[in-house]
Amino acid sequence: WGNLIAKASLGAAVLAALPFVADLLARWPWSFEMLVASAHTAFNVALALVFLPLLSPLHRLAVMFAPSQEESGPPTFGPRYINDAAPYGLAVALGQSAREILHASEIVRDMLEDAWKAIKTGNAELAQAAGDRDDQVDLLDAEIKRFLTRALGEELDEQAAGEQMRQLRYLNDLETIGDIIDKNLCELVLKKIKLRVDFSREGWQELDDFYAKVVGNMLIADTAFTTREPMLAQQLLRHKEEITRYERELRDRHFMRLKAGLAESHETSAIHLDLLTHLRRINSTVSHVAYPILQGK
């Protein structure tokens with residue numbers, strides 16, 4: 001509206017003075033194209049010279065024509081890809097639900113990343129924010145399940161029914177991981193802050209390494225879910241066994257530090273061991289996606 005008011009006002013003035021303007025342009029010994037370009041440039045320069053000093057009244061006038069809308073708050077969170085009303089076929093609908101499941105997986109991985117940052121930095125607000133996002137995972141879980149069980153209908157062929165079950169299983173695993181992060185890892189952050197303790201240097205290095213391996217497996221699981229590639233599924237299960245063995249090794253190392261009397265290890269022993277347990281649970285849960293791939297379901 002501000003742009004329209006300014007240009008219309010100056011345009012009306014130029015039209016009113018058009019004989020004078022035309023006579024002025026005719027005096028210049030330029031080509032027709034140069035005259036058009038010069039007139040256009042002169043109009044915009046005049047527009048700036050006239051209305052820059054008048055921005056405040058121009059703004060008030062524009063608001064009269066287009067009053068500001070009331071703030072409605074942040075946008076409501078919801079599914080991005082599933083749409084009951086869209087007239088898509090079964091294959092496209094299953095593709096939509098698969099993309100929505102990956103959306104949920106992305107949120108879960110972000111939750112884990114923020115929870116881990118909160119553990120390292122002692123940031124209770126970050127831990128709370130990470131835990132709160134479990135509500136988003138729960139919402140997507142409910143919406144995707146409804147979409148897969150009702151919107152797609154009950155008359156599915158064997159292949160479509162198998163894909164439906166595969167997606168529901170992985171979605172359920174992601175919801176479980178979200179609960180582990182919210183109810184266990186984020187609680188450990190608050191416990192660590194309350195006790196005002198920290199891990200030993202060796203303990204931190206081991207936990208960080210273990211966390212990185214679990215995150216890597218989560219990315220492999222997402223790719224295996226998307227591609228249904230048997231080699232990735234086999235790799236995922238190998239990594240699951242390796243991480244289980246590695247967890248036992250890290251527990252033994254921790255017990256050795258306790259035996260050696262390292263003060264930090266005694267103060268944080270329960271938290272350290274609980275972190276290993278919950279990270280192993282996350283890794284075990286996300287690895288479930290491999291089984292239907294290898295079984296051809």
Side-chain angles (χ1 to χ4, degrees), residues 72 74-114 130-183 214-240 281-297:
S72 58
T76 303
F77 178 83
R80 291 179 181 174
Y81 305 109
I82 55 177
N83 184 355
D84 294 350
Y88 301 137
L90 179 60
V92 175
L94 286 170
Q96 286 182 328
S97 57
R99 291 184 71 192
E100 201 68 66
I101 290 171
L102 292 176
H103 177 202
S105 179
E106 181 182 359
I107 295 173
V108 169
R109 283 187 278 108
D110 287 344
M111 287 175 61
L112 180 57
E113 180 181 355
D114 285 349
D132 288 346
R133 266 176 284 163
D134 187 48
D135 293 339
Q136 296 181 352
V137 178
D138 290 341
L139 187 150
L140 291 181
D141 175 68
E143 289 294 320
I144 297 169
K145 282 177 178 174
R146 182 195 54 76
F147 181 80
L148 282 170
T149 55
R150 284 169 41 191
L152 294 185
E154 298 180 359
E155 301 298 325
L156 302 178
D157 59 36
E158 183 178 353
Q159 183 177 0
E163 174 63 12
Q164 180 191 51
M165 291 303 299
R166 189 181 77 92
Q167 292 189 14
L168 286 170
R169 291 190 194 102
Y170 192 49
L171 177 63
N172 185 70
D173 290 337
L174 292 172
E175 195 274 334
T176 298
I177 295 171
D179 286 343
I180 294 172
I181 297 169
D182 177 27
K183 296 178 174 60
V214 172
V215 172
N217 263 11
M218 293 177 74
L219 292 171
I220 293 174
D222 270 358
T223 308
F225 170 75
T226 304
T227 64
R228 285 177 278 191
E229 172 57 51
M231 290 183 63
L232 283 176
Q234 292 169 353
Q235 181 183 3
L236 193 60
L237 293 181
R238 285 197 308 272
H239 286 186
K240 176 187 175 184
R281 287 176 60 203
I282 290 172
N283 183 71
S284 177
T285 302
V286 81
S287 299
H288 294 167
V289 72
Y291 296 111
I293 297 173
L294 296 177
Q295 294 166 3
K297 295 182 180 180

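- Contact of the His288 side chain with the Tyr170 side chain is not registered, since no non-hydrogen atoms from C-beta on lie closer than 4.5 Å.
- Residues satisfying the salt bridge (charged side-chain N to carboxylate O under 4.0 Å, His left out) criterion with Asp222, sequence neighbours excluded, are Arg109.
- Contacts classified as salt bridge (Lys or Arg N to Asp or Glu O under 4.0 Å) and involving residues 94-105 (residues at least two apart or in different chains) are not found.
- The shortest heavy-atom contact between Leu112 and Val215 is CD2-CG2, 4.0 Å.
- Scored by the side-chain hydrogen bond (donor to acceptor under 3.5 Å, both in side chains) test, Asp132 finds Gln128 as partners (sequence neighbours excluded).
- Evaluation of the side-chain hydrogen bond (donor to acceptor under 3.5 Å, both in side chains) rule for Glu175 yields no partner, not counting sequence neighbours.
- Residues Asn283 and Lys240 form a side-chain contact, since some pair of their non-hydrogen atoms from C-beta on lies under 4.5 Å apart.
- With values rounded to the nearest 0.5 angstrom, Ser105 atom OG is found 6.0 Å from Met218 atom CE.
- Among residues two or more places apart in sequence or in another chain, the salt bridge (charged side-chain N to carboxylate O under 4.0 Å, His left out) test is passed with Asp110 by none.
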Mind listing the side-chain donor-acceptor pairs of residues 231-239 below 3.5 Å, one per line with the distance, residues two or more places apart or on another chain?
unit_1	atom_1	unit_2	atom_2	d
His239	ND1	Asn217	OD1	2.8

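- Take Glu143 and apply the side-chain hydrogen bond (donor to acceptor under 3.5 Å, both in side chains) test, not counting sequence neighbours, and it matches Arg146.
- Applying the ring-ring contact (aromatic ring centres under 6.0 Å, His included) criterion to His103, with sequence neighbours excluded, gives Phe77.
- Of the candidates Ile101, Leu140, Leu102, Ile107, Ile101 is the only one forming a side chain to side chain contact (heavy atoms under 4.5 Å, CB included) with Leu174.
- The salt bridge (charged side-chain N to carboxylate O under 4.0 Å, His left out) search around Asp173 returns none, not counting sequence neighbours.
- The salt bridge (charged side-chain N to carboxylate O under 4.0 Å, His left out) test applied to Asp114 returns Arg133, not counting sequence neighbours.
- Shown here are the side chain to side chain contact (heavy atoms under 4.5 Å, CB included) partners of Ala91, two or more places apart in sequence or in another chain: there are none.
- In this structure, Ala224 and Ile293 approach most closely via the heavy-atom pair O-CD1, 3.3 Å.
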- request: Kindly determine whether Tyr291 and Arg169 satisfy side-chain contact (heavy atoms from CB on, under 4.5 Å), including the steps that lead there.
  value: CA-CA 11 Å; Tyr291 296 111; Arg169 291 190 194 102; over 6 Å; no
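- When all heavy atoms are compared, the tightest approach of Met111 to Ala130 is CE-O, 3.3 Å.
- Taking Lys183 as the reference, Asp134, Asp179 meet the side chain to side chain contact (heavy atoms under 4.5 Å, CB included) condition, with sequence neighbours excluded.
- Ser97 and Leu148 make their closest contact through OG-CD2, 3.5 Å (heavy atoms, listed as atom of the first residue, atom of the second, distance).
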